[in-house]
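What follows is a short report on a single structure.
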Amino acid sequence: MIFGGILCSTICLCACKDLTPADPQSILFSEFKRSEIVGIVAGFGTTFAALPDLIAMFRRRSSAGMNPRMAGIMCVFQVLWVYYGLLIVSRPVVIWNVIAVLVNFLSVGAYFYFVHKERATLANDKK
C-alpha cells in the first residue's frame with residue numbers, strides 16, 4: 001500500500017515539467033520579490049522568538065531560568081547565517097540574523113550582568 005502511494009506520487013511528480021514556483025515582484029513593494037517578503041515575515045517570527053525570555057530576565061532582574069550556552073551557540077550559528085545570506089545575496093536572511101545576533105548578544109550580556117550582581121549581593125549578605 002505504501003509502495004503504491006510512493007510509486008503514484010513519483011509518477012505524478014515526474015510528469016510535472018517545472019516544480020519551481022514563480023518568484024514575481026511584490027505587489028506592495030516593487031523593489032522586493034515575493035520570496036523576500038515571505039523571508040522578512042518568517043525572519044521576524046524566528047528572530048524575536050528569544051525576545052520574551054530577555055524581557056522576562058530584565059523584569060525579574062535575575063539570571064534565573066536563562067541558559068547562556070544556548071544563546072551563545074545560537075549567536076555563533078546566526079553569524080554563519082549572516083555569512084550565508086551574504087553569499088546568496090538575501091536581504092531577509094542577512095537583516096534578521098544580524099538582529100538575532102544582537103538579541104542573543106544582549107541575552108548573554110544580561111545573563112552575566114545579573115549573575116555578577118547576584119554574586120555581589122550574596123557576598124555582601126555574608127559579611
Side-chain angles (χ1 to χ4, degrees):
M1 186 78 148
I2 294 173
F3 179 73
I6 292 173
L7 182 63
C8 288
S9 299
T10 304
I11 291 170
C12 289
L13 288 176
C14 289
C16 297
K17 290 184 179 183
D18 188 17
L19 295 176
T20 308
D23 192 16
Q25 296 294 321
S26 172
I27 296 171
L28 298 174
F29 305 102
S30 60
E31 313 81 51
F32 293 105
K33 290 186 174 185
R34 188 178 297 161
S35 63
E36 290 178 315
I37 299 296
V38 171
I40 288 169
V41 172
F44 177 82
T46 56
T47 296
F48 291 111
L51 205 55
D53 288 337
L54 179 62
I55 292 169
M57 188 170 30
F58 279 122
R59 285 186 179 161
R60 281 191 315 262
R61 299 186 191 278
S62 170
S63 63
M66 167 58 174
N67 186 350
R69 280 186 224 114
M70 186 215 53
I73 291 168
M74 290 290 293
C75 190
V76 168
F77 285 102
Q78 284 163 337
V79 168
L80 290 176
W81 272 106
V82 170
Y83 180 66
Y84 175 71
L86 293 171
L87 289 175
I88 65 170
V89 191
S90 175
R91 286 183 276 197
V93 172
V94 172
I95 292 167
W96 287 121
N97 282 292
V98 165
I99 294 170
V101 166
L102 294 174
V103 168
N104 282 318
F105 181 75
L106 283 173
S107 294
V108 172
Y111 173 82
F112 285 116
Y113 171 78
F114 288 122
V115 164
H116 177 71
K117 188 175 172 184
E118 291 164 4
R119 287 182 183 163
T121 303
L122 286 173
N124 288 336
D125 289 344
K126 287 184 181 181
K127 289 182 182 179

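Owing to the predicted nature of the structure, the values given are computational and were not obtained by experimental measurement. We count residues from 1, following the sequence as given.
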Go through the structure and list residues passing side chain to side chain donor-acceptor pair (under 3.5 Å) with [X], not counting sequence neighbours.
X: Arg61; answer: none
X: Asn104; answer: Gln78
X: Ser90; answer: none

Please determine whether residues [X] and [Y] belong to a single hydrophobic cluster, defined as Ile, Leu, Val, Met, Phe, Trp and Tyr linked transitively by side-chain heavy-atom distances below 4.5 Å.
X: Val82; Y: Tyr84; value: no
X: Met74; Y: Val76; value: no
X: Trp81; Y: Leu106; value: no

Point to revise | Test salt bridge (charged side-chain N to carboxylate O under 4.0 Å, His left out) applied to Arg60 - qualifying residues, sequence neighbours left out | key: none
Side-chain donor/acceptor pairs under 3.5 Å, residues 93-102, sequence neighbours excluded:
| residue | atom | partner | partner atom | Å |
| --- | --- | --- | --- | --- |
| Trp96 | NE1 | Ile40 | O | 2.8 |
| Asn97 | ND2 | Val93 | O | 2.8 |

Point to revise | pair Val108-Phe112: side-chain heavy atoms closer than 4.5 Å | key: yes
Point to revise | Heavy-atom pair of closest approach, residues Phe58 and Ala110 | key: CZ-CB, 3.8 Å
Revision key, fill the gap. Closest non-hydrogen atoms of Tyr111 and Pro68, given as atom of the first, atom of the second and distance, are CE2-CG, 3.3 Å
Review point. In chain order, what residues pass the side-chain contact (heavy atoms from CB on, under 4.5 Å) check against Leu80, with sequence neighbours excluded?
Key: Phe77
Point to revise | side chain to side chain contact (heavy atoms under 4.5 Å, CB included) between Glu118 and Leu122, intermediate numbers included | key: CA-CA 6 Å; Glu118 291 164 4; Leu122 286 173; 5.6 Å; no
